[in-house]
Number of protein chains: 2
Amino acid sequence: MSKPADTKIRNMEEFAAVSGLSRPTVSKYFNDPDSVRPSTRSRIEQALEKYDYRPNIFAMNQNRKLTKNVGIVVPYLADPFFAEIARNIEERLIAAGYRPTLYSAHGNPDLEMEILDGLRLLKPAGVLLAPLGRLSDRAEIEKFCRDVPTVLFDSNLDGIGAAFVGSDNRSFVSQTVEYLTRIGEPPAFFEMRTPANPNANKRRLAYLEHMDKLGLSPQVIKIEGEGWSFEEIGRRGAHDLFERKDLRSNAILCSNDRLAIGLLAACYERGIRVGRGPECTLRVASNDDHPFSRFTCPSLTTAAHDYDSVSSHAVAKLLELIENGGRFSDRTEDLFAARLVLRESA
Amino acid sequence: MSKPADTKIRNMEEFAAVSGLSRPTVSKYFNDPDSVRPSTRSRIEQALEKYDYRPNIFAMNQNRKLTKNVGIVVPYLADPFFAEIARNIEERLIAAGYRPTLYSAHGNPDLEMEILDGLRLLKPAGVLLAPLGRLSDRAEIEKFCRDVPTVLFDSNLDGIGAAFVGSDNRSFVSQTVEYLTRIGEPPAFFEMRTPANPNANKRRLAYLEHMDKLGLSPQVIKIEGEGWSFEEIGRRGAHDLFERKDLRSNAILCSNDRLAIGLLAACYERGIRVGRGPECTLRVASNDDHPFSRFTCPSLTTAAHDYDSVSSHAVAKLLELIENGGRFSDRTEDLFAARLVLRESA
DNA sequence: ACAAAATATTTACGCGCGGCAAGTTTTTTC
DNA sequence: GAAAAAACTTGCCGCGCGTAAATATTTTGT
């Protein structure tokens, strides 16, 4: 404990005094340690070790035009997929010297707007936003993006935000459809009737397109259900499907892993054997490589997001945007390809 | 759009002017709308509808001794259990007029301390902390709790924090053991050798105690593995266990659901039938009622946390603590009983 | 209608820092 | 070793609001 020096430092003035410098110099140091002479820098850092002073964050932010705050907004944090990607993004932002704050809209569009409104008050340097999608209030989010430098990720809203970084849904679906078709019957496509997320629509279109290209007749299964309890919706939908007996293939491609998790649970409940083996009557594949897809029964064959690329690129884009004064000359959409993860379900 | 009145309000001074009041009066209103006369209150709220002004949050926090900020710190947000409880807590705090901010230590003790250090700068009115547990830096956390009103939840650190709110591990284990024993053989207990979380220790002790009380001989299975990838650790540990063939019961009680998820995956991989049916050779029960436990194969019989009670009580305790000036005369530990959720695995 | 109590307003100061301008010192350059 | 450049100091203002004391106004009770 060499820290607690006798004198308590109350503000930058006092800290400047004990380090033998003037306040403006110390202020410069805190805004950019490299903007001062190496010798004075070491004097300050020596004093820092002795007196552990830290600038008042509220006073700093009050006077600076742009703070070091960055908001990360995801649609539904109880989905481990978003928790994982948020973790990844958080780390990178901290490493870049920013103060990320994580928010979840919990599937609620009103809450999504409240979060953005609250974020405004924090004068953030930038925001990384994964919008709810269909339910989002487009007009209000567009307004927000005009005021605050924002990069969208995961789920795109056409034309909104300075840039979009996400996954290439076509790459996801083409790989899974191609694989399933190569080793057996072409798959039916299993999705919610009114998906919350625009990625779902792109995946369906990619499926239809790909089937058409292969000269195969598609079957899209639309299940009922609202909200973010995808697993339960998938489970119920699967039971309905098997009840109706109108599945025209022995392979199913789920729009996303959470639906697949529910579908696999339904299969288990009905004694339907899923997998590649001779005793199996159904193959199931999906998209996302959800953290739990490794532990379904059977383990889930799925197209994996490139977590690292998406998160690092989203952060890079935001930092570029910030350095560029909050504007890009044109809006880019950067998509990353999927990686097919072969497991036991197909 | 009746909002955008011609004049842009820059600060409270200007807003006070357009509402025909003095700034201190308006300031009083924002700190407590009921502290001004109803007539002046309605004048302010009328002006608010016309000019949408909101006080600068940094200036407010700089001058207030205690802000309305509240930190919520969880050990591992990629675990949907914590995401769920955090969501619950967040909602209640917002309803109480606070500004919650969510942080995850991501299983890393250094990050846990960094978060608390960063929280200090925010002068939070209080903090709700679910510590990492065994890995936490007890001394540093204790220091933090001396400076900032803190209520621990989920995972207790003896004597640290103004209060603890969590679940009664004894109630969890007694219900599951009692149930398993009533309908079949008494269970073995399945856990990590060096659990990260103190609840695990309490559950093991409760298991031993309960078995002893029933005059039964316990078997504790300790599996290897470090970190927060509980599912994978459980899966590997289960395979090892079945390889060794020294399981002395046809029932297993897992320390927590995430281990159980891995164990069930291992059972599926080995063709071991789990459940109550005559064709089943193993029963599995667990603790936590993890959001995913409904969708395991078979669905998991488990002891459920009383999410609502724990989160609402934790928030209530914190608000009480704040109103009490940040100190309690003595530290309370409030535990909530489990609710047994019968599903297919046992 | 009047005094007492409750509530508003004015005035004045402070919070901790950013930022600017002018002057002084130190370092770099050739 | 002198001139130029860079870094530092001093002094001052501003940010937007909290807060306290003194004063003025309104409300309440009788």
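None of the values given here were measured: they were computed from a predicted structure. A, B, ... follow the sequence lines: proteins, then strands. Residue 1 opens every chain.
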Round to the nearest Å and state the distance from A/E14 atom CD to C/dG16 atom P.
9 Å

Got a sec, which residues hit side chain to side chain contact (heavy atoms under 4.5 Å, CB included) with A/D147, two or more places apart in sequence or on another chain?
A/R120

Hey, can you pull the donor-acceptor pairs under 3.5 Å for the side chains in residues 70-79 of chain A, sequence neighbours left out?
{"residue": "A/D79", "atom": "OD1", "partner": "A/F81", "partner atom": "N", "Å": "2.9"}
{"residue": "A/D79", "atom": "OD1", "partner": "A/H290", "partner atom": "NE2", "Å": "3.4"}
{"residue": "A/D79", "atom": "OD2", "partner": "A/R258", "partner atom": "NH1", "Å": "3.3"}

Protein-nucleotide distance (B/F58, atom CZ; C/dG18, atom P), rounded to Å
13 Å

Protein-to-nucleotide contact annotation, 5' to 3' order, nucleotides 22-30 of chain C [B base; S sugar-phosphate only; - none; under 4.0 Å, heavy atom]:
----S----

B/A316: partners by side chain to side chain contact (heavy atoms under 4.5 Å, CB included), with sequence neighbours left out:
none

Identify every side-chain donor-acceptor pair in residues 20-27 of chain B under 3.5 Å, counting partners at least two apart or on other chains, and give the distances.
{"residue": "B/S22", "atom": "OG", "partner": "B/T25", "partner atom": "OG1", "Å": "3.0"}

Contact span of DNA chain D against chain B, any nucleotide atom under 4.0 Å from a heavy atom, 5' to 3', runs D/dG16 to D/dT26

Kindly write out the residues that satisfy side chain to side chain contact (heavy atoms under 4.5 Å, CB included) with A/R54, not counting sequence neighbours, or none if the list is empty.
B/D117, B/L121

Treating B/N61 as the side-chain partner and B/I57 as the backbone partner, does any N or O pair qualify as donor plus acceptor under 3.5 Å?
yes

Under 4.0 Å, counting only non-hydrogen atoms across every strand here, what does A/F30 touch: a base, just sugar-phosphate, or nothing?
nothing

Using distance only, find each side-chain donor-acceptor pair of residues 308-315 of chain A under 3.5 Å and give its atom names and separation, not counting sequence neighbours.
{"residue": "A/D308", "atom": "OD1", "partner": "A/N88", "partner atom": "ND2", "Å": "3.2"}
{"residue": "A/S309", "atom": "OG", "partner": "A/D306", "partner atom": "OD1", "Å": "3.1"}
{"residue": "A/S309", "atom": "OG", "partner": "A/D306", "partner atom": "OD2", "Å": "2.7"}
{"residue": "A/S311", "atom": "OG", "partner": "A/N88", "partner atom": "OD1", "Å": "3.2"}
{"residue": "A/S311", "atom": "OG", "partner": "A/Y307", "partner atom": "O", "Å": "2.8"}
{"residue": "A/S311", "atom": "OG", "partner": "A/D308", "partner atom": "O", "Å": "3.2"}
{"residue": "A/S312", "atom": "OG", "partner": "A/D308", "partner atom": "O", "Å": "2.9"}
{"residue": "A/S312", "atom": "OG", "partner": "A/S309", "partner atom": "O", "Å": "3.4"}
{"residue": "A/H313", "atom": "NE2", "partner": "A/D334", "partner atom": "OD2", "Å": "2.8"}

Nearest-angstrom distance from the residue atom NZ of A/K28 to C1' of C/dC20:
13 Å

Just to verify, what does B/S35 make a side-chain hydrogen bond (donor to acceptor under 3.5 Å, both in side chains) with, not counting sequence neighbours?
none

DNA chain D: 5'-proximal contact among A/D34 and B/P55 (nearest heavy atom)
A/D34

Could I get a table of every N or O pair under 3.5 Å where one atom is in the protein and the other is in nucleotides 10-15 of chain C?
{"residue": "C/dC15", "atom": "O2", "partner": "B/N63", "partner atom": "OD1", "Å": "2.4"}

Taking side chain to side chain contact (heavy atoms under 4.5 Å, CB included) as the test, write out the residues that go with B/Q62, two or more places apart.
A/F58, A/A59, A/Q62

Charged N to carboxylate O below 4.0 Å: is that the case for B/R87 and B/E91?
yes

Give the table of side-chain donor-acceptor pairs shorter than 3.5 Å for residues 148-158 of chain A, with sequence neighbours excluded, one pair per line with atom names and distance.
{"residue": "A/T150", "atom": "OG1", "partner": "A/V148", "partner atom": "O", "Å": "2.8"}
{"residue": "A/N156", "atom": "OD1", "partner": "A/R331", "partner atom": "NH2", "Å": "2.9"}
{"residue": "A/N156", "atom": "ND2", "partner": "A/E333", "partner atom": "OE1", "Å": "3.4"}
{"residue": "A/N156", "atom": "ND2", "partner": "A/E333", "partner atom": "OE2", "Å": "3.1"}

Give A/N31 one of three labels, base, sugar-phosphate or nothing, depending on what nucleic acid heavy atoms sit under 4.0 Å from its own.
sugar-phosphate

